[in-house]
Amino acid sequence: MDRKITAFIPYSGNDYTRKTVSELVNSGLVDKCYLIATSEVGNNIEGCEIIKVESLFSSETISQLKEKSNADYTLFITQDNLIEFGQFGIERFLHVAEDTGAGLVYSDYYEVKEGKRSALPVIDYQVGSIRDDFNFGYVYFFSTKALKEVAGEEKYKFAGLYDLRLKISQKYAFLRVPEFLYATIETDVRKTGEKQFDYVNPRNRSVQIEMEIAATEHLKKVKAYLKPEFKEIDLTAGNFEFEASVIIPVRNRVKTIGDAVESVLKQKTDFPFNLIVVDNHSTDGTSDVLQKAAAKNSKLIHVVPERDDLGIGGCWNLGVHHEKCGRFAIQLDSDDMYKDETTVQKVVDKFREEKCAMVIGSYQMTNFKLEEIPPGIIDHKEWTPDNGRNNALRINGLGAPRAFYTPLLREIKLPNVSYGEDYALGLAISREYQIGRIYEPIYLCRRWEGNSDAALDINKANTYNVYKDRIRTIELLARQRKNSL
């Protein structure tokens, strides 16, 4: 068989890279191995050429791939660790690419962490999978034709690889091989609940600026970009007994619901407000806590659904359509608390000030003792009034607490699911309306062992990511349709 692959491998002088190079060369399919170094390395590997770049994922690196790959396919390893291919793994990548004409082929993989081998399945790429943290694994198998066709003269320091795969996706299929074609030694041992906030880490701000530029250009190319033109909101529509309602969906949170309720009832406002708690058939004593609290304070409305098929989104719909729901519906999760007694007032003031359809605040990550934990304050300052709704398709969340203009929320409604329902709603609202932001922390997001996002296993994380990507796909298609009308 002809040698049909050019390989590019990150290199920092470690001996394990020799093993990866040896495996690639001995496959008989690789014509050349290039070693990509971001710092000076003291020794080379026989038969390889070292390429010095500033950043592994930069446009400079992509230009090197484009210039030096003379084979039909380009294999790019993106992790500086030992990569061991499975039985005929390299051949499998090649055969799938040849048979399908895909622009990019990727696969499931194993990771070896602290001596333990674990299966890490990835997920299928969708039209809406434009988030920059989509996990392709550590082996990218490109069609060299596709790579050379789209790689341009961009000058990204961090977003080069992201920009490349967005551009390839505009013209070529991406195919996941649902087989474990290689193994890697994992070095990032953080839990998924910690990794999910990487994109709002202030230390990564320069990275995020580049990612937003690349994503925005992609949306323009696929005709899903929205100009900063918004419909106006009439905040005086309808008759409401209460100006605001805090809505808490809850099921089996006896340890935390009391704190959440208390943080609402102590709010100080210049308008009438109430609290609607939708108790989704709790069985752990949560209902007793709520009944006692409602008996002491008339602001608390304790609602138990007649239906037994409601997720968090469905409980929200029930609360929003309650006759006592206020003009503005403000979110609070049953695990969390408002930071102080001014949160509700600040949210309503923002609605009044900006005449917006939705308001999103900032929050502080804490443990159960309300002690700050990394990454600390999540303020989503990456949001801009002009481009926030476009960049929202790239990132994983919009922030908290979220608040909505009730008449509009009653019209749009939330998906009846228990993950991503708020993200779907935020995207849908942003398609037509402006979203107001509060950049000071007004909400405490508590992480504890029973918390749903504290640490997700790979299967649950994949399920959540597939759903959010589907939300993005739906929204991207809706924006394309809007632009075509």
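Everything numeric in this text was worked out from a predicted model, so none of it was measured. Each residue takes its place number in the sequence, starting with 1.
The aromatic rings of Phe93 and Phe141 sit parallel, their planes meeting at an angle under 30°, below the 60° perpendicular limit. Aromatic ring pairs are classed by plane angle as parallel below 30°, tilted from 30° to 60° and perpendicular above 60°; the pair Phe134 and Tyr106 is perpendicular. In this structure, Tyr443 and Tyr363 have perpendicular ring planes: the angle between them is above 60°, well past the 30° mark. Between Tyr125 and Phe174, the ring-plane angle classifies as tilted under the 30° and 60° cut-offs.
The closest side-chain heavy-atom distance from Met358 to Tyr405 is not below 4.5 Å. Side-chain contact between Arg479 and Arg389: present, with at least one pair of heavy atoms (C-beta onward) separated by less than 4.5 Å. Side-chain contact check for Gln87 versus Arg92: every heavy-atom pair is 4.5 Å or farther apart. Val139 has its side chain within reach of Leu75: a pair of non-hydrogen atoms, C-beta onward, lies under 4.5 Å apart. The shortest distance between side-chain heavy atoms of Val359 and Phe404 does not fall below 4.5 Å.
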Working note: Arg402 + Asp422, criterion salt bridge (charged side-chain N to carboxylate O under 4.0 Å, His left out); need CA distance, chi angles, decisive distance, verdict. CA-CA 8 Å; Arg402 298 165 291 277; Asp422 50 349; 2.8 Å; yes
Phe158 and Phe57: CA distance, side-chain angles, deciding distance, ring-ring contact (aromatic ring centres under 6.0 Å, His included) verdict: CA-CA 5 Å; Phe158 307 105; Phe57 303 133; 9.7 Å; no
Step by step, would you call Val278 with Val250 a side-chain contact (heavy atoms from CB on, under 4.5 Å)? CA-CA 6 Å; Val278 183; Val250 62; over 6 Å; no
Test log, rule salt bridge (charged side-chain N to carboxylate O under 4.0 Å, His left out), inputs Glu154 and Lys167: CA-CA 12 Å; Glu154 291 77 19; Lys167 288 179 175 177; 2.2 Å; yes
Does Glu354 form a salt bridge (charged side-chain N to carboxylate O under 4.0 Å, His left out) with Lys350? I'd like the steps, not just the answer. CA-CA 6 Å; Glu354 298 191 7; Lys350 180 60 68 171; 3.2 Å; yes
Is there a salt bridge (charged side-chain N to carboxylate O under 4.0 Å, His left out) between Lys339 and Glu440? Walk through the geometry before answering. CA-CA 10 Å; Lys339 189 173 188 294; Glu440 63 177 291; over 6 Å; no
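Summarising the local packing, CD of Glu371 is surrounded by more than 12 heavy atoms from other residues, nucleotides or ligands at distances under 6.0 Å. More than 12 non-hydrogen atoms from other residues, nucleotides or ligands lie less than 6.0 angstrom from NZ of Lys52. Heavy atoms from other residues, nucleotides or ligands lying under 6.0 Å from CZ of Arg18 number more than 12. More than 12 non-hydrogen atoms from other residues, nucleotides or ligands lie less than 6.0 angstrom from CD of Glu179. Around atom NZ of Lys255, no more than 12 heavy atoms belonging to other residues, nucleotides or ligands sit under 6.0 Å away. The environment of OH in Tyr16 is crowded: more than 12 heavy-atom neighbours from other residues, nucleotides or ligands sit within 6.0 Å. By the 6.0 Å contact criterion, NZ on Lys220 is enclosed, its count of non-hydrogen atoms from other residues, nucleotides or ligands being greater than 12. Atom NZ of Lys223 has 12 or fewer heavy atoms from other residues, nucleotides or ligands within 6.0 Å.
Between the side chains of Asp469 and Ser129, at least one donor N or O sits under 3.5 Å from an acceptor N or O. Between the side chains of Arg472 and Tyr423, a donor-acceptor pair is found at a separation under 3.5 Å. Side-chain contact, Glu46 with Asn44: no donor N or O sits under 3.5 Å from an acceptor N or O. Checked by atom type, the side-chain pair Arg394/Gln208 shows a donor-acceptor distance below 3.5 Å. Remark: the Asp133 side chain and the Asn396 side chain contain an N/O donor-acceptor pair separated by less than 3.5 Å. Inspection of the Thr144 and Asp72 side chains reveals no N or O donor paired with an N or O acceptor under 3.5 Å. For Thr384 and Asp386, the side-chain atoms include no donor-acceptor pair closer than 3.5 Å.
Using a cutoff of 4.0 Å between basic side-chain nitrogens and carboxylate oxygens, Glu60 and Lys157 are not scored as salt-bridged. We find that Glu111 and Lys113 are joined by a salt bridge, their nearest charged nitrogen and carboxylate oxygen being less than 4.0 Å apart. Under the 4.0 Å criterion applied to side-chain N and carboxylate O atoms, Asp335 and Arg446 are not assigned as salt-bridge partners.
Cation-pi geometry between Lys4 and Tyr73 is not met: the NZ or CZ atom fails to fall both under 6.0 Å from the ring centre and inside 45° of the normal. Seen from the ring of Tyr464, Lys468 does not count as a face-on cation partner, given the 6.0 Å and 45° thresholds.
Minimum heavy-atom separation, Tyr11 to Asn43: OH-O, 3.1 Å. The two residues Pro385 and Gln434 have their closest heavy-atom pair at O-NE2, 3.4 Å. Nearest approach of Lys221 to Gln170, heavy atoms of both residues: CG-OE1, 3.1 Å. In terms of heavy-atom proximity, Trp316 sits nearest to Ala329 at CZ3-CB, 3.8 Å. Taking each heavy atom of Thr256 and Phe368 in turn, the nearest pair found is CG2-CE1, 3.5 Å. Scanning all heavy atoms of the two residues, the minimum distance from Val347 to Ala403 falls at CG1-CB, 3.4 Å.
Asp108 contributes no side-chain N or O that, together with a main-chain N or O of Leu120, makes up a donor-acceptor pair within less than 3.5 Å. Checked by atom type and distance alone, the side chain of Glu84 never pairs as donor or acceptor with a backbone atom of Lys19 at under 3.5 Å. Within the 3.5 Å criterion, the main-chain N or O of Ser69 finds no donor-acceptor partner in the side chain of Thr6. Under the 3.5 Å distance criterion, the side-chain polar atoms of Asp457 are matched with a main-chain donor or acceptor of Lys460. Put simply, the side chain of Asn465 gets close to the backbone of Ala461: a donor and an acceptor are under 3.5 Å apart. A donor-acceptor contact shorter than 3.5 Å is absent between the side chain of Gln480 and the backbone of Ala478. No donor-acceptor distance shorter than 3.5 angstrom exists from the side chain of Glu382 to the backbone of Ile209, with no hydrogens or angles considered. Between the side chain of Tyr182 and the backbone N or O of Gly137 there is no donor-acceptor pair closer than 3.5 Å. When atom types are taken as modelled, the side chain of Arg251 and the backbone of Gly311 share no donor-acceptor pair closer than 3.5 angstrom. Judged by distance alone, with hydrogens and angles left aside, the side-chain atoms of Asn462 form no donor-acceptor pair with the main-chain N or O of Ile123 at under 3.5 Å.
Ring centroids of Phe180 and Tyr109 are separated by 6.0 Å or more, keeping the two rings apart. The aromatic ring centres of Phe230 and Tyr433 sit 6.0 Å or more apart.
Between Val150 and the options Leu166, Ile62, Leu164, a side chain to side chain contact (heavy atoms under 4.5 Å, CB included) holds for only Leu164. Exactly one of Thr184, Ile45, Ile77 qualifies for a side chain to side chain contact (heavy atoms under 4.5 Å, CB included) with Thr20. That residue is Ile77.
Atom NZ of Lys66 sits about 11.0 Å away from atom OG of Ser59, to the nearest 0.5 Å. Distance check: Asn367 CG to Ile373 CD1 gives 6.0 Å after rounding to the nearest 0.5 Å.
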